[in-house]
Number of protein chains: 2
Amino acid sequence: MARTTDGDGTPVPQRLLAAATRLFADRGYDRTSVQEIVEAAGVTKGALYHYFGSKDDLLHEVYARMLRVQQERLDAIADGDAPVEQRVRDAAADVVVTTIDNLDDASIFFRSMHHLSPEKNKQVRAERRRYHERFRALIEEGQRSGVFASATPADLVVDYHFGSVHHLSTWYRPEGPLTPRQVADHLADLLLRALRP
Amino acid sequence: MARTTDGDGTPVPQRLLAAATRLFADRGYDRTSVQEIVEAAGVTKGALYHYFGSKDDLLHEVYARMLRVQQERLDAIADGDAPVEQRVRDAAADVVVTTIDNLDDASIFFRSMHHLSPEKNKQVRAERRRYHERFRALIEEGQRSGVFASATPADLVVDYHFGSVHHLSTWYRPEGPLTPRQVADHLADLLLRALRP
DNA sequence: CCAGGCAGACTAACCAGTCGGTATGTCGTG
DNA sequence: CACGACATACCGACTGGTTAGTCTGCCTGG
């Protein structure tokens, strides 16, 4: 077997994915040429098309990674046995922190959906829907048990919160005054305050 | 002077802008060719480059139109003499309604910033900042006068709300169960509830 | 009869993906 | 353990197709 890692120890496929992520986030999917990706990863087109079926595949990997991570974290929190109010707060804050920790992924996520092939797009939507529904179930649980107000449909509440998460990649800057944790606490707080009966 | 309107009575530049808006929203800026735009508008490239300097100019027009409309509406509301609480509610709901009324513009707005030339991008950011600051001033006014909680920095509150507005183009569908006005009332309500002291 | 409004062929650049080729390992066999 | 057969990892020139923008010139109304 020939070299799978080069100069540094990171395997080529991961280097390609990392380079693609950074470039897609910077200039957008269409503005990033395959040539630029392979140059940034220190390989050539041969290597890329050896590991990935298409440029589109690379983008899909970004989505798959992000969706997997976030779904796992939400499930872990939602399955816990803390009171609903606490689980909602934890989930709301956690998604903010992980989003900020992967701002590149996040800005790609919401800007590049329509660059995925139709099937991949459908698949991503389906997984995203699962995530949304899990979160919505948490809200509904709180509304039924009376700890949350029922004035707003749970669906809308979820979209309200995820709008702000989505928006993070537009305005959040690491060099700004707030740490990821502080932003997360504030946003979770706003959500919980909005839900007070 | 030759024909400036064709079959229908709409002037060519506006037809081009309308066609571009619809196409940019559908497939994204990069995926829309100039050829497609002129075909949709029923003219040819000659016409487009007669009225616009570049494809990029067309995109900038979309931004300029949207920013102008929203700034005007916000100013009108903010300058009113209703109590702060009411002005914030009105402004928050109004931007939701106008965003839904121009969903194409909205989805272009948040997806295509990085397709603008650097100078135009800077200009758009500056105007957007003005809007943001006007809104923030409203929140701060409420916080100072004690009708709003001061737990969250006003900047964050504004980003929180505009995240959800931004997000509308992702999930809102006219054929869904909620009218624009209903969505607007719910979202404004969530904001005001979150701001209760 | 001229200037603005527009047509449409043309160009220069670019880019995703292909393909034949090379190098480096692994494995089975005698 | 030597050696050939095969597979994996990767290289890089090339192709076919697309695209933004240009340019020459026609056509029409004033």
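Protein chains get the first letters and strands the later ones, always in sequence-line order, with residue 1 at the start of each.
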Between [atom2] of [N] and [atom1] of [X], the distance in whole Å:
X	N	atom1	atom2	answer
Leu48(B)	dT22(D)	CG	P	11 Å
Arg15(B)	dG5(C)	CZ	C1'	13 Å
Ile37(B)	dG21(D)	CD1	C1'	13 Å
Tyr49(A)	dA13(D)	OH	P	17 Å
Phe24(B)	dA20(D)	CZ	C1'	12 Å
Phe52(A)	dA16(C)	CZ	P	15 Å

Check whether [X] reaches the backbone of [Y] with its side chain - one donor and one acceptor, N or O, closer than 3.5 Å.
X	Y	answer
Arg87(B)	Ala78(B)	yes
Arg136(B)	Asp159(B)	no
Asp90(A)	Ile77(A)	no

For this session: Could you list by number each residue of residues 26-36 of chain B showing a heavy-atom separation from DNA chain C of less than 4.0 Å, or answer none if no residue does?
Result: none

Exercise. When you measure from every atom of DNA chain C, which of residues 53-61 of chain B have a heavy atom less than 4.0 Å away?
Worked result: none

Exercise. Between Gln143(A) and Glu140(A), is a side-chain contact (heavy atoms from CB on, under 4.5 Å) present by the stated rule, with each step listed?
Worked result: CA-CA 5 Å; Gln143(A) 288 179 326; Glu140(A) 280 172 344; 4.2 Å; yes

Seminar exercise, completed: With Phe109(A) as partner, the option from Tyr29(A), Tyr63(A), Phe24(A) fulfilling ring-ring contact (aromatic ring centres under 6.0 Å, His included) is Tyr63(A)

Exercise. Who are the side chain to side chain contact (heavy atoms under 4.5 Å, CB included) partners of His60(B), not counting sequence neighbours?
Worked result: Leu116(B), Lys120(B), Gln123(B), Val124(B)

For this session: Please name all residues satisfying side chain to side chain contact (heavy atoms under 4.5 Å, CB included) with Thr44(B), sequence neighbours left out, ordered by chain then number.
Result: none

Exercise. Between Asp79(B) and Arg134(B), does at least one N-O distance fall below 4.0 Å, as a salt bridge requires?
Worked result: yes

For this session: Determine, for Arg65(B) against Glu61(B), whether the closest basic-nitrogen to carboxylate-oxygen distance falls under 4.0 angstrom.
Result: no

What pairs of donor and acceptor atoms, side-chain ones from residues 187-195 of chain B against any protein atom, are under 3.5 angstrom apart with sequence neighbours left out?
residue, atom, partner, partner atom, Å
Asp189(B), OD1, Arg89(B), NH1, 3.4
Arg193(B), NE, Ala194(A), O, 3.2
Arg193(B), NH2, Arg196(A), O, 3.0

Exercise. Between His50(A) and dC10(D), does any side-chain N or O lie under 4.0 Å from OP1 or OP2?
Worked result: no

Exercise. Would you call Phe162(A) and Phe135(A) a side-chain contact if the rule is heavy atoms closer than 4.5 Å?
Worked result: yes

What does the list of N/O pairs under 3.5 Å between the protein and nucleotides 8-13 of chain C look like, with a distance for each?
residue, atom, partner, partner atom, Å
dG8(C), O6, Gly46(B), N, 3.4

